Amino acid sequence: MNFNDLILIAVYCMSIPLVCAVFFDAFYAEKKRRSFSLKRVSGWYALFFVLSFVPTVMFFAS
């Protein structure tokens, strides 16, 4: 594995959860008739980051 692969993995692990968190909060806010909240987005981001990062680390560590 070279350095470029590590950079791509890091970008994936940080950007995909962010996009998912924004979409999840937008749909959640629309369903519950609430306003968009960065606090909720950060919670969603933490959840999606863990769900994407932990399996990736476990896969590459083995």
Side-chain angles (χ1 to χ4, degrees):
M1 181 181 329
N2 59 22
F3 189 66
N4 290 336
D5 290 340
L6 292 175
I7 291 174
L8 289 175
I9 291 168
V11 168
Y12 160 77
C13 286
M14 296 177 83
S15 63
I16 297 299
L18 180 62
V19 172
C20 291
V22 169
F23 278 115
F24 260 73
D25 191 60
F27 290 124
Y28 175 81
E30 183 179 329
K31 182 179 177 184
K32 298 288 184 175
R33 298 185 189 261
R34 295 183 181 175
S35 62
F36 183 81
S37 168
L38 287 177
K39 188 175 183 180
R40 272 196 320 265
V41 169
S42 65
W44 288 116
Y45 178 75
L47 173 72
F48 290 125
F49 181 79
V50 168
L51 289 176
S52 68
F53 184 72
V54 170
T56 302
V57 169
M58 289 173 60
F59 176 75
F60 282 103
S62 62

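Just so it is clear, the model here is predicted, and its values are computed rather than measured.
For residues 41-62, no pair satisfies salt bridge (charged side-chain N to carboxylate O under 4.0 Å, His left out), with sequence neighbours left out. For residues 1-13, there are no salt bridge (charged side-chain N to carboxylate O under 4.0 Å, His left out) pairs, not counting sequence neighbours. The salt bridge (charged side-chain N to carboxylate O under 4.0 Å, His left out) contacts involving residues 9-18 comprise nothing, where partners must be two or more places apart or lie in separate chains. Annotation: salt bridge (charged side-chain N to carboxylate O under 4.0 Å, His left out) contacts involving residues 14-42, sequence neighbours excluded, comprise Asp25-Arg40.
Heavy-atom neighbours of Phe48 CZ from other residues, nucleotides or ligands within 6.0 Å: above the threshold of 12.
Counting all heavy atoms, side chain and backbone alike, Pro17 lies closest to Ser52 at CG-OG, 3.4 Å. Contact record, Ala21 with Tyr45: CB-N, 3.5 Å, taken as the closest heavy-atom pair.
Note: Tyr28 OH to Ser37 OG = 10.0 Å, rounded to the nearest 0.5 Å. Annotation: the span from Phe49 atom CZ to Ser42 atom OG amounts to 14.0 Å, rounded to 0.5 Å.
In the hydrophobic clustering, where aliphatic and aromatic side chains (Ile, Leu, Val, Met, Phe, Trp, Tyr) are joined below 4.5 Å either directly or transitively, Phe23 groups with Val19, Phe27.
Under the 4.5 Å side-chain heavy-atom criterion for grouping Ile, Leu, Val, Met, Phe, Trp and Tyr, Leu6 is not connected to Val11 through any hydrophobic cluster.
Using a 4.5 Å heavy-atom cutoff, the side chains of Phe36 and Val41 are in contact. Cys20 is listed as a side-chain neighbour of Ile16, based on a closest heavy-atom distance under 4.5 Å.
Residues satisfying the side-chain contact (heavy atoms from CB on, under 4.5 Å) test with Leu47, not counting sequence neighbours, are Trp44, Leu51.
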